[in-house]
Amino acid sequence: MFHLVISAKPTFNALKAVFFSLTFFICSKKKRGKEKTTANKFIKETQKMRALLSPESSSLYFTSINIVFRDPNPCRSRTSLYFLKRDGCCRLIRRKPRSTAVKAVLDSATIEELGLKESDMRNPAISSTYRRSMLPKPNQTVLEAQARICTGPTQTRPLSEEQAFKVLDTILRSVRGELKDEEQVSKAQIGAFFAGMTIRANSFPEETQWSEGERRAMNLFWPLLLRALPPDVIFIADPEGSIMGLGNSVGPQFIGNGTTEMRLVGALREILAGGHLGYEEVQGVLKDVLPLKFEDGKSTGVSESLLSAFLIGQRMNRETDRELKAYCLAFDDELGPAPVADVNSLTHYGEPYDGNTRFFRSTLFVAAVRSCYGESSLLHGVEWMPPKGGVTEEQMLNFMGANTNLSLHQAKKLIEDEEVGFAYLSQREARPSLYSLIGLREHIKKRPPLATTEKVQQFIRAKGKESIVAGFYHEGYEEPLLMLMKRRGVHSGLVVKGEEGALSMTTRLRSASTSKGFPVNYCSGFCSVGTETACKEDGVSHQSFRLEVNAMDYGFEPTDTPRTDRSVSKNIELGLAALHGQKGPAYDRIVLNAGIVDHLLGCDGAEDVTIALDRAREAIDSEQLQWNQKG
């Protein structure tokens, strides 16, 4: 296990300190010329990212880590590991292949000695602890109601009378100042809730409009709320003065404060009626209001109630193609023209930014495998994102000590580096305007349009072919995602319904009680071709395809997907063990996802799917390793 000892003196940040104890230096015998092994390239990535770290002060840091390898064969003796500093390097030798069992344990005695609370400690092994503590937490009563009503025309679940009474009473007491701290209902929550109620009343089918219980509760509370709510929320709740039946004149006369809010209010009138906006209208609003600026945790610019109503309202109305294009392209020029990497191919991986909460997330390790045979990759995301707040690539890289604050140009250099071949970019660095919305998105509860469009980004371009791969879950978003990829002008595009809506295809058997919609391992995509039979879009010919990947057809034995259950360290353990050749479910998933993606994207040398899968296996199995670690 990892034993994390905490000290409270200023030093390098915790992630850098962890890295000093976790840096792996791989000594490997190469079977073929200058070919780089998978684990070697993966570790070089984190080493080179680490080299770009800058020291900063931190009150807490980890000073030592003890590691024990879990031996799958109990008849063998364990390998003893220790840190040895030599020639500026610190080595850890592993002489027998075993899986790494990674577990973080906080030293409670040290915590008590320092006068710290366990609840205040950040355990880097668990995804939920990566949520920024400065973000105010939403009121749970209202948040649960938002989960029911702030969704699509067929998915919405009306509240019962008891639930509606409880929610409206909570909002009323909050705006009156009777609730404190985490019990308070934020402006963003109130805006999202009433936007959901208004859109349901104006445009949803009868079965998902207001229930009788909701109407009775609103009839009782609205006269009280009308006297307590600010004008922007009254506008959201009854924009035309026709829903509540009290002759309200605030909504019809409301125009907002300043030119920015005036444009937002004009757009909202259309959205709250169930309508749609043009490309320029959406982009105009986004560029007016972002990035959000905060002071003491509160927005100092546009009304959070209005903005949250705008974002969730567009999702509830099911965005049109032109609206999605506006979200996707709005901030392409935020940091200037995208750098162009001098590589033959570049794949942009669009994992859902809110991570995995249950199953192994393989994309980081797939990128390492693909880089071994010249397929460069760019991963992007955030450290933590609602609503799931699951394991992300940024959390794993942070846990291993890599620098996740790379600029676009630093990431470009890593992609061009033959010893690395892939990079990770945080939205924090690549699109600061969109990153400023994370706190607001938690209070909206449901995913806004950006949850779709942020997966289809080109932060870096390539001189050679480019491809985009994105995960999806809800049926109906596969075609909009492919439309956005074609709009990006890439050579090929692929959407995958992997486990949890992520990119990881599975080798487990399909359940007999499959949920509605597309099955897991469903893929749809396109490749640019020169044939006259292919469809044309934006003047480019595309050959489209769709299929369900059955791993058994490619020789994989059915296996259950490894559970990680929000454990960052467990996900790393599984991935690193697979990259070092340990056969099992994680290994199979990495090979499957690397080979199938290569084949479907039309990568060089992957025309035959069997050869593509064998190439991925060979990239891992060609290693003859000794483990080394510096500390």
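Owing to the predicted nature of the structure, the values given are computational and were not obtained by experimental measurement.
Not counting sequence neighbours, Phe359 has no partner by the ring-ring contact (aromatic ring centres under 6.0 Å, His included) test. Judged as a ring-ring contact (aromatic ring centres under 6.0 Å, His included), and not counting sequence neighbours, Phe331 has no contacts. Taking Leu509 as the reference, Met552, Pro558 meet the side-chain contact (heavy atoms from CB on, under 4.5 Å) condition, with sequence neighbours excluded. Thr564 meets the side-chain hydrogen bond (donor to acceptor under 3.5 Å, both in side chains) test with no other residue; sequence neighbours excluded. By the side-chain hydrogen bond (donor to acceptor under 3.5 Å, both in side chains) test, Gln458 pairs with Glu466, sequence neighbours left out. Partners of His380 under the ring-ring contact (aromatic ring centres under 6.0 Å, His included) rule, at least two apart in sequence or in another chain, are Tyr353, Phe459. Under the rule for a ring-ring contact (aromatic ring centres under 6.0 Å, His included), Tyr327 has no partner lying at least two apart in sequence or in another chain. Partners of Ser345 under the side-chain contact (heavy atoms from CB on, under 4.5 Å) rule, at least two apart in sequence or in another chain, are Glu375. Residues satisfying the side-chain hydrogen bond (donor to acceptor under 3.5 Å, both in side chains) test with Arg431, not counting sequence neighbours, are none. Lys446 meets the side-chain contact (heavy atoms from CB on, under 4.5 Å) test with Cys150, Thr151, Ile312; sequence neighbours excluded. Take Lys413 and apply the side-chain contact (heavy atoms from CB on, under 4.5 Å) test, not counting sequence neighbours, and it matches no residue. In this view, Asn356 and Arg361 satisfy the side-chain hydrogen bond (donor to acceptor under 3.5 Å, both in side chains) rule, not counting sequence neighbours.
Between the side chains of Asn398 and Tyr130, not a single donor N or O lies within less than 3.5 Å of an accepting N or O. When only modelled atom types and interatomic distance are considered, Glu394 and Ser426 share a side-chain donor-acceptor pair under 3.5 Å. When only modelled atom types and interatomic distance are considered, Ser467 and Thr347 share no side-chain donor-acceptor pair under 3.5 Å. No hydrogens or angles considered: nothing links the side chains of Ser128 and Arg566 as a donor-acceptor pair under 3.5 Å. In the model, Glu478 has no side-chain atom that pairs as donor or acceptor with a side-chain atom of Ser524 under 3.5 Å. Residues Thr506 and Thr561 have side chains that bring a donor and an acceptor to within less than 3.5 angstrom of each other.
Expressed to the nearest 0.5 Å, how far CD1 of Ile126 lies from CZ of Phe399 amounts to 9.0 Å. Once rounded to the nearest 0.5 Å, the distance linking CG of Leu482 with OH of Tyr477 reads 14.5 Å. Between the CG atom of Leu613 and the CD1 atom of Ile596 there is a distance of 5.0 Å, given to the nearest 0.5 Å. Rounding to the nearest 0.5 angstrom, the gap separating the CD1 atom in Ile438 from the CD atom in Glu383 is 9.0 Å. Between Leu414 atom CG and Asn403 atom CG the span is 9.5 Å, to the nearest 0.5 Å. Rounding to the nearest 0.5 Å places CZ of Arg563 at 12.5 Å from CG of Leu574.
The two residues Ala578 and Ala586 come nearest to each other via the heavy atoms CB-C, 4.1 Å. Heavy atoms only, all atoms of each residue included: Met485 and Gly493 are closest at SD-CA, 3.6 Å. Minimum interatomic distance between Ser622 and Ala619 (heavy atoms only, all atoms of both residues): OG-O, 3.7 Å. Nearest heavy-atom pair across Cys523 and Met505 is SG-SD, 3.7 Å. Nearest heavy atoms, Pro352 versus Ala502: CD-CA, 3.8 Å. For Asp560 against Arg589, the heavy-atom pair with the smallest separation is C-NH2, 3.5 Å.
In this structure the side chain of Arg488 reaches within 4.5 angstrom of the side chain of Ile468, judged on heavy atoms. Two residues are said to be in side-chain contact when any heavy atoms from C-beta on lie closer than 4.5 Å; Tyr587 and Gln582 fail this criterion. In this structure the side chain of Leu408 never reaches within 4.5 angstrom of the side chain of Lys412, judged on heavy atoms. The closest side-chain heavy-atom distance from Leu494 to Val597 is below 4.5 Å.
The number of heavy-atom neighbours closer than 6.0 Å to CZ of Arg546, taken from other residues, nucleotides and ligands shown, is 12 or below. Summarising the local packing, CG of Asn344 is surrounded by 12 or fewer heavy atoms from other residues, nucleotides or ligands at distances under 6.0 Å.
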**Request:** Decide yes or no on side-chain contact (heavy atoms from CB on, under 4.5 Å) for Tyr435 and Val382, but give the supporting numbers first.
**Result:** CA-CA 8 Å; Tyr435 183 77; Val382 292; 4.1 Å; yes

**Request:** Evaluate the criterion side-chain contact (heavy atoms from CB on, under 4.5 Å) for residue pair Val549 and Val496; output intermediate values, then yes/no.
**Result:** CA-CA 10 Å; Val549 174; Val496 177; over 6 Å; no

**Message:** Please determine whether side-chain contact (heavy atoms from CB on, under 4.5 Å) holds for the pair Val469 and Leu503, giving the CA-CA distance in whole Å, both sets of side-chain angles, and the decisive distance to 0.1 Å.
**Reply:** CA-CA 8 Å; Val469 187; Leu503 284 172; 3.5 Å; yes

**Prompt:** When you look at Leu406 and Glu429, which way does the side-chain contact (heavy atoms from CB on, under 4.5 Å) test go after all the steps?
**Reply:** CA-CA 7 Å; Leu406 298 180; Glu429 307 300 326; over 6 Å; no

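Listed for the His599 side chain is no donor-acceptor partner under 3.5 Å among the backbone atoms of Ala612. The closest donor-acceptor contact from the side chain of Arg615 to the backbone of Ile611 lies at 3.5 Å or more, if one exists at all. Put simply, the side chain of Gln457 gets close to the backbone of Cys328: a donor and an acceptor are under 3.5 Å apart. A donor-acceptor pair under 3.5 Å is formed between the side chain of Glu500 and the backbone N or O of Arg358. Within the 3.5 Å criterion, the main-chain N or O of Cys527 finds no donor-acceptor partner in the side chain of Ser492. For Lys455 (side chain) and Gly471 (main-chain N/O), a donor-acceptor pair under 3.5 Å exists by modelled atom type. Distance alone, capped at 3.5 Å, is enough to place a donor-acceptor pair between the Tyr424 side chain and the Gly381 backbone. Thr357 contributes no side-chain N or O that, together with a main-chain N or O of Lys388, makes up a donor-acceptor pair within less than 3.5 Å. Ser362 contributes no side-chain N or O that, together with a main-chain N or O of Ile590, makes up a donor-acceptor pair within less than 3.5 Å. With hydrogens and angles disregarded, no donor-acceptor distance shorter than 3.5 Å links the side chain of Asn593 to the backbone of Thr363.
Here Glu475 does not pair with Lys497 in a salt bridge; the nearest charged N to carboxylate O distance is not below 4.0 Å. With salt bridges taken as basic N to acidic carboxylate O contacts below 4.0 Å, none links Asp588 and Lys583. Using a cutoff of 4.0 Å between basic side-chain nitrogens and carboxylate oxygens, Arg441 and Asp354 are not scored as salt-bridged.
Between Phe360 and Phe365, the angle of the ring planes stays under 30°, which puts this pair in the parallel group of the 30/60° scheme.
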